[in-house]
Amino acid sequence: MTTLVIAIVVSSTSLINFLRKEEIKRISLLSKAIRIQQEVKTPDTDVLDLLPDILNINNTIPFIVTDKYRIPILDLGYYRNIPESTIKNPEKLHDLMANMEKNYTPIEIKVPDGNNQFVYYDNSRMLNNLRYSPYILGLFILLYFGFTFWFFRTIKKTDEGYLWAGLAKETAHQIGTPLSSMIGWMEIMKMDNPESEGVHEIEKDIERLRTISERFSKIGSVPELNDMNFNETIQENYDYLKTRISRKIDFTLQLPAYIVLVPHNKILMSWVIENLVKNAVDAMKGEGSITLSVSERNKSILVEVKDNGSGMTKQQARNAFKPGYSTKKRGWGLGLSLARRVIHEYHNGDIKISQTEVGKGSTFRIAIRKE
């Protein structure tokens, strides 16, 4: 595309330079005609007929003839294509001649009696207008290709959105059937031994499966941000994940001393936090430290998940949120992509990798505006 634009600009510029040279030739010919008209005292009939034609054929190029003292000669035929309002205004005429001299060196007409004259001239209006056309055309082409790129990219994103939404809803549907059966069996187990610790833990996991199913079902629809207590959402996630990750991992939580109130959807926000924590666990291969923290900065709530795992390269960090990208052999590359959608589209926030270094770990940061 860039090559095409450059080619158009270069070819158009070459054409304009050619037209410019042709106009200079016409002015040079006109200057010769004026000189011959003054030098030849008894020209033949053909010359008399030719000279006015040369003078009158110029209907586009502005010019004015001056005497040897650079004073304009305002007699008929000594200027052309200059507005009468400019001719009658000495100040405007002086400015016009100064501008002409800036663009082109006046052509000197040498005559035998020494009263030489000068021809001041400039580009025709058409040439001046054409001078900017290559850049306008190039800009138009760039805008056209830019719009086309944006249009197809938007369509692609929309298609991807429908694909992920459909996949999520189908997953929720598939989970729902065995989940209902598990809930029924759980009730039977509770009747036999209601105080069993194992039964209570399985019940928690079933409730978690119900939450996961609900998360998937919400993808593609507009969720309601009815939850406000952000501390509670983070604390619940921490308490659940703390008992389900390796004991070799030092998992800590840092919450503000005050209650953070911000509109959010607890189910979807929990999904994001869980996804980031599990990625951190995978990055440390079951051993290390993870810090989950909440803070407030410039009217925004910041949630950070920091680990001391394997870290990422710059290329891996750039691609981390792209759908289908994963550094794991069994990863589908959907988790971070869906997490970004939850934060960007549903909570009008931002999620990024604020820091990462190979061998030293990574920090994921979520920012959500309070207002």
Side-chain angles (χ1 to χ4, degrees), residues 3-142:
T3 305
L4 175 62
V5 173
I6 293 174
I8 291 174
V9 171
V10 169
S11 60
S12 300
T13 303
S14 299
L15 175 61
I16 291 171
N17 287 334
F18 170 77
L19 295 175
R20 183 182 180 189
K21 290 176 182 179
E22 289 298 310
E23 289 194 352
I24 293 174
K25 288 179 182 178
R26 288 171 59 187
I27 286 293
S28 298
L29 180 61
L30 183 142
S31 301
K32 288 179 182 179
I34 294 175
R35 179 175 58 79
I36 292 172
Q37 195 175 36
Q38 295 183 10
E39 284 182 349
V40 181
K41 301 301 181 182
T42 56
D44 58 33
T45 307
D46 292 337
V47 173
L48 288 175
D49 292 339
L50 180 61
L51 292 178
D53 289 342
I54 294 175
L55 293 173
N56 293 330
I57 199 172
N58 173 33
N59 293 317
T60 56
I61 306 173
F63 75 91
I64 186 167
V65 182
T66 70
D67 59 19
K68 62 181 180 180
Y69 302 109
R70 309 292 178 117
I71 298 175
I73 301 173
L74 301 181
D75 296 337
L76 190 62
Y78 283 87
Y79 67 88
R80 199 167 186 112
N81 305 312
I82 298 176
E84 285 297 323
S85 59
T86 302
I87 292 295
K88 293 178 180 179
N89 188 322
E91 187 176 344
K92 285 186 178 181
L93 186 58
H94 177 269
D95 292 340
L96 176 64
M97 291 174 60
N99 189 58
M100 287 178 169
E101 189 172 10
K102 188 186 299 182
N103 294 331
Y104 297 100
T105 302
I107 300 174
E108 185 177 8
I109 302 175
K110 296 182 179 181
V111 293
D113 60 4
N115 291 318
N116 295 346
Q117 298 174 336
F118 295 89
V119 178
Y120 285 72
Y121 66 100
D122 204 349
N123 297 323
S124 64
R125 181 179 297 179
M126 179 186 71
L127 187 60
N128 280 332
N129 292 336
L130 286 174
R131 187 168 52 182
Y132 301 104
S133 62
Y135 306 101
I136 295 173
L137 183 60
L139 178 61
F140 175 78
I141 293 174
L142 284 174

Contacts of type salt bridge (Lys or Arg N to Asp or Glu O under 4.0 Å), residue Lys25, not counting sequence neighbours: Glu22
How close do Pro62 and Ser124 get, heavy atom to heavy atom, and via which atoms? CD-CA, 4.0 Å
Across all chains, not counting sequence neighbours, the side chain to side chain contact (heavy atoms under 4.5 Å, CB included) partners of Lys92 are Thr86, Asn89
Answer yes or no: is there a side-chain heavy-atom contact under 4.5 Å between Tyr121 and Glu23? no
Name all residues meeting the side chain to side chain donor-acceptor pair (under 3.5 Å) criterion together with Thr66; count only those two or more places apart in sequence or in a different chain, and write none if there are none. none
Output every pair passing side-chain hydrogen bond (donor to acceptor under 3.5 Å, both in side chains) with a member in residues 93-106, not counting sequence neighbours, ordered by first then second residue. Arg20-Tyr104, Asn103-Asp122, Tyr104-Asn123
Can you name the closest pair of heavy atoms from Phe118 and Asp67 and give their distance? CD1-O, 3.7 Å
Sorted by chain and residue number, the side chain to side chain donor-acceptor pair (under 3.5 Å) partners of Glu84 (sequence neighbours excluded) come out as Tyr79
Minimal non-hydrogen separation, Ile27 against Phe63, with atom names: CD1-CB, 4.2 Å
Side chain to side chain donor-acceptor pair (under 3.5 Å) with Asn116: which residues, sequence neighbours excluded? Glu108
Does Glu91 reach the side chain of Leu96, with side-chain heavy atoms less than 4.5 Å apart? no
Would you mind reporting whether Arg80 and Ile61 have side-chain heavy atoms less than 4.5 Å apart? no
ring-ring contact (aromatic ring centres under 6.0 Å, His included) contacts in which one or both residues fall within residues 13-39, not counting sequence neighbours: none
Sorted by chain and residue number, the side chain to side chain contact (heavy atoms under 4.5 Å, CB included) partners of Leu74 (sequence neighbours excluded) come out as Ile64, Pro72, Ile87, Leu93
Go through the steps for Ile73 and Gln117 under the test side chain to side chain contact (heavy atoms under 4.5 Å, CB included), then give the verdict. CA-CA 9 Å; Ile73 301 173; Gln117 298 174 336; 3.6 Å; yes
With sequence neighbours excluded, tell me which residues meet side chain to side chain donor-acceptor pair (under 3.5 Å) with Tyr120. Arg70
